[in-house]
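Single-structure report; data block below.
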Amino acid sequence: MRQNNSKVIGVAGGVGSGKSTVLDILSRKHDAVICMADELGHEVMRPGTAGFDRIREAFGEMILSPEGEIDREHLARQVYRDPDQLRRLNGIVHPLVLSEIRKRISGRDRSRLFILETALLFETGCDQLCDEVWGVVTEDDIRIQRLMESRGYTREKAESIMRNQHSNAALRTLCKRVLVNDGELRDLEVQIGAAVENLLENSKCI
């Protein structure tokens with residue numbers, strides 16, 4: 001019989017911190033189920049969904065591609081120029097994504113860890129759905145260098161994005177556990193392994 005590992009873990013961290021690497025390790029080495037809110041955001045905007053219909057009604061036919069799908073890049077350019085339109089879009093998409101997250105948590109495989117990743121974990125209240133939230137922290141200079149090399153960002157663009165996200169200090173306060181991703185991959189794997197083991201050991205004592 002497989003062990004009941006039905007904990008829900010939220011993973012938080014700023015751009016360039018290495019959240020994707022953490023999710024990959026949890027999936028490969030710890031058989032975790034990964035739920036990414038950004039992917040759910042795509043799903044709730046597909047043609048034939050309530051989200052698609054509401055977004056088309058709110059923003060007009062101009063945001064549709066020639067194939068009849070929502071042109072996400074066009075929509076993003078439109079709403080990020082206008083805070084009111086951004087709030088309007090978030091007001092449609094965020095509740096739909098949150099509802100889908102709740103469904104997936106409720107119907108999850110309770111023999112596996114369930115990992116939730118969303119850029120707005122605390123802002124949307126998703127942290128309240130988690131047994132624990134783990135923060136991924138990396139020195140700012142390392143994050144900037146990663147973004148410049150992997151995404152072609154300028155230092156100014158990277159710094160601008162980082163200013164609008166939780167700082168490492170804030171994550172250390174908000175999160176139950178902190179994973180430091182400043183060094184070698186093996187170091188991160190060891191930290192994650194220890195965190196998983198500690199989580200499951202503590203759950204046996206409850």
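Source: prediction; values computed, not measured.
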*Give a yes or no on this: more than 12 heavy atoms of other residues, nucleotides or ligands lie within 6.0 Å of atom CZ of Arg72.*
yes
*Taking the six-membered ring of Phe59, is NZ or CZ of Arg88 closer than 6.0 Å to its centre and within 45° of its axis?*
yes
*Begin with the C-alpha distance, continue with both residues' side-chain angles, and end with the deciding distance and a verdict on side chain to side chain contact (heavy atoms under 4.5 Å, CB included) for Thr118 and Val97.*
CA-CA 10 Å; Thr118 171; Val97 171; over 6 Å; no
*Given side chain to side chain contact (heavy atoms under 4.5 Å, CB included), test Leu147 with Arg155 step by step and report yes or no.*
CA-CA 8 Å; Leu147 293 170; Arg155 172 174 286 273; over 6 Å; no
_Ile105 CD1 to Cys126 SG distance, which is reported to the nearest 0.5 Å_ = 7.5 Å
*Apply side chain to side chain contact (heavy atoms under 4.5 Å, CB included) to Trp134 and Val196, showing your working.*
CA-CA 11 Å; Trp134 296 358; Val196 169; 3.8 Å; yes
*Thinking salt bridges, do Arg104 and Glu43 make one under a 4.0 Å N-O criterion?*
yes
*Can you tell me how far CD of Glu73 sits from OG of Ser65, rounded to the nearest 0.5 angstrom?*
11.5 Å
*Leu40 CG to Glu117 CD distance, which is reported to the nearest 0.5 Å*: 10.5 Å
*Would Glu197 and His30 count as a side chain to side chain donor-acceptor pair (under 3.5 Å) if you check the C-alpha gap in whole Å, the side-chain angles of each, and the deciding distance to 0.1 Å?*
CA-CA 10 Å; Glu197 181 177 359; His30 302 282; over 6 Å; no
_Distance-minimising heavy-atom pair for Leu171 and Gly14_ = CD1-N, 4.4 Å
*Check the surroundings of atom CD in Glu139: do more than 12 heavy atoms from other residues, nucleotides or ligands lie under 6.0 Å from it?*
no
*Yes or no on side chain to side chain contact (heavy atoms under 4.5 Å, CB included) for Met162 and Val15, after CA distance, side-chain angles and deciding distance?*
CA-CA 7 Å; Met162 290 164 57; Val15 63; 4.1 Å; yes
_salt_bridge(Glu132, Arg177) N-O dist < 4.0 Å_ = yes
Result block: side-chain N/O donor-acceptor pairs under 3.5 angstrom for residues 44-57, not counting sequence neighbours:
residue: Thr49; atom: OG1; partner: Val44; partner atom: O; Å: 3.1
residue: Thr49; atom: OG1; partner: Arg46; partner atom: O; Å: 2.6
residue: Thr49; atom: OG1; partner: Phe52; partner atom: N; Å: 3.1

